[in-house]
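All values derive from a computational prediction rather than experimental measurement. Sequence positions, counted from 1, serve as the residue numbers for this chain.
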Amino acid sequence: MAQVGIVMGSDSDMPVMAKAADILEELGISYEMAIISAHREPDVFFEYAKNAEEKGFKVIIAGAGKAAHLPGMCAAIFPMPVIGVPMKTSDLGGVDSLYSIVQMPSGIPVATVAIGGGQNAGILAAKILATSDEELLKRLKDYSRRLRESVQKKDAKLQEVGYRNYLDD
């Protein structure tokens, strides 16, 4: 049974939302991914959000661009956390998506990551799930350790070769 639902309004959102899926896979979290347009197929969307709890979802990650109603509508129907991922748009660079997602009315919160922040959405979903899963918490701590070690290796290389040589590699 999937713990996280990943939903996007268009396949053009796939490169960003795939980053959420990748991090969930790396952390051993089950998920289900779907493309559903809240505007073009509201009946399909409504059934998705209405049945998400019954399917076992504990968190939904919803990516959307422009008017970006998908995350907010998920939050209006699904009783557990929803994480919104604003998509970069050609018209306004994603600020339109960001504003749409963060400006939810009182009582309908949507946690929101940066424009194009699929990876952080996956990490945030994992952190939410880790509040009641010690093994997942351990995997998250290991993931953070690996990130820290990666930065430390980069700095060690910089100190060794200098910035000019670092840029040439």
Side-chain angles (χ1 to χ4, degrees), residues 1-38 41-42 44-66 68-89 94 97-98 100-102 104 107-154:
M1 188 178 304
Q3 293 181 287
V4 178
I6 299 175
V7 63
M8 65 205 87
S10 170
D11 63 351
S12 63
D13 303 335
M14 187 66 72
V16 170
M17 300 308 281
K19 292 176 184 175
D22 289 344
I23 198 73
L24 293 175
E25 286 180 15
E26 183 176 340
L27 294 169
I29 299 169
S30 60
Y31 66 90
E32 181 180 294
M33 186 181 284
I35 300 169
I36 302 171
S37 173
E41 48 184 4
V44 174
F45 162 75
F46 183 79
E47 287 302 312
Y48 173 85
K50 188 173 98 176
N51 294 322
E53 181 182 7
E54 184 178 302
K55 290 175 84 171
F57 295 174
K58 302 296 183 204
V59 180
I60 290 177
I61 300 172
K66 301 196 180 225
H69 289 125
L70 191 62
M73 289 304 298
C74 282
I77 299 167
F78 181 66
M80 289 182 265
V82 174
I83 302 167
V85 182
M87 295 296 153
K88 185 173 182 180
T89 59
S97 310
L98 175 65
S100 179
I101 296 171
V102 299
M104 292 301 300
I108 314 294
V110 175
T112 309
V113 296
I115 297 167
Q119 182 177 5
N120 275 352
I123 293 168
L124 181 55
K127 287 184 173 196
I128 291 167
L129 294 171
T131 62
S132 61
D133 184 334
E134 286 295 321
E135 288 300 313
L136 176 55
L137 181 59
K138 182 184 179 315
R139 293 192 301 271
L140 270 168
K141 288 178 179 180
D142 288 345
Y143 175 81
S144 293
R145 179 189 44 77
R146 290 191 304 273
L147 287 178
R148 183 177 58 251
E149 289 171 355
S150 172
V151 173
Q152 290 169 343
K153 285 180 185 177
K154 291 174 185 177

Between Ala76 and Ile108, the two heavy atoms sitting closest are N-CG2, 3.7 Å
NZ of Lys58 to CD1 of Ile128, rounded to nearest 0.5 Å, is 13.0 Å
Nearest heavy-atom approach of Pro71 to Ala62 is CG-O, 3.3 Å
The reported gap from CG in Leu129 to CG in Leu136 (rounded to nearest 0.5 angstrom) is 6.0 Å
In short, Leu124 meets Ala111 closest at the heavy-atom pair CD2-CB, 4.0 Å
_Using a 6.0 Å cut-off, check whether atom CD of Glu54 has over 12 heavy atoms from anything other than its own residue._
no
- Taking the side chain from Thr89 and the backbone from Lys66, do they hold a donor-acceptor pair closer than 3.5 Å? no
Between the CD atom in Glu149 and the CG atom in Asp142, the distance rounded to the nearest 0.5 Å is 9.5 Å
Under 3.5 Å, sequence neighbours excluded: what are the donor-acceptor pairs made by side chains of residues 24-33?
residue : atom : partner : partner atom : Å
Glu25   : OE2  : Tyr31   : OH           : 2.3
Glu26   : OE2  : Arg146  : NH2          : 3.0
Ser30   : OG   : Met1    : O            : 3.0
Ser30   : OG   : Gln3    : N            : 3.1
Glu32   : OE1  : Lys55   : NZ           : 3.3
Glu32   : OE2  : Lys55   : NZ           : 2.4

All heavy atoms of Pro86 vs all of Gly94, minimum pair found to be CB-O, 4.4 Å
Check: Is there a side-chain contact between Ile77 and Phe45, using heavy atoms and a 4.5 Å cut-off?
Finding: yes
Does the side chain of Ile60 reach to within under 4.5 Å of the side chain of Tyr48, using non-hydrogen atoms?
yes
Correct closest heavy-atom pair for Ser97 and Gly65 would be OG-CA, 3.1 Å
So CD1 of Ile123 and CD1 of Ile23: to nearest 0.5 Å the spacing works out to 4.5 Å
_Any non-hydrogen side-chain atom of Val16 less than 4.5 Å from a side-chain atom of Lys88?_
no
Residue pairs meeting side chain to side chain donor-acceptor pair (under 3.5 Å), one or both in residues 111-137, sequence neighbours left out, come to Gln119-Tyr143
Value for OG (Ser12) from CE (Met87), rounded to nearest 0.5 Å, stands at 8.0 Å
Nearest heavy-atom approach of Met8 to Leu70 is C-CD2, 3.6 Å
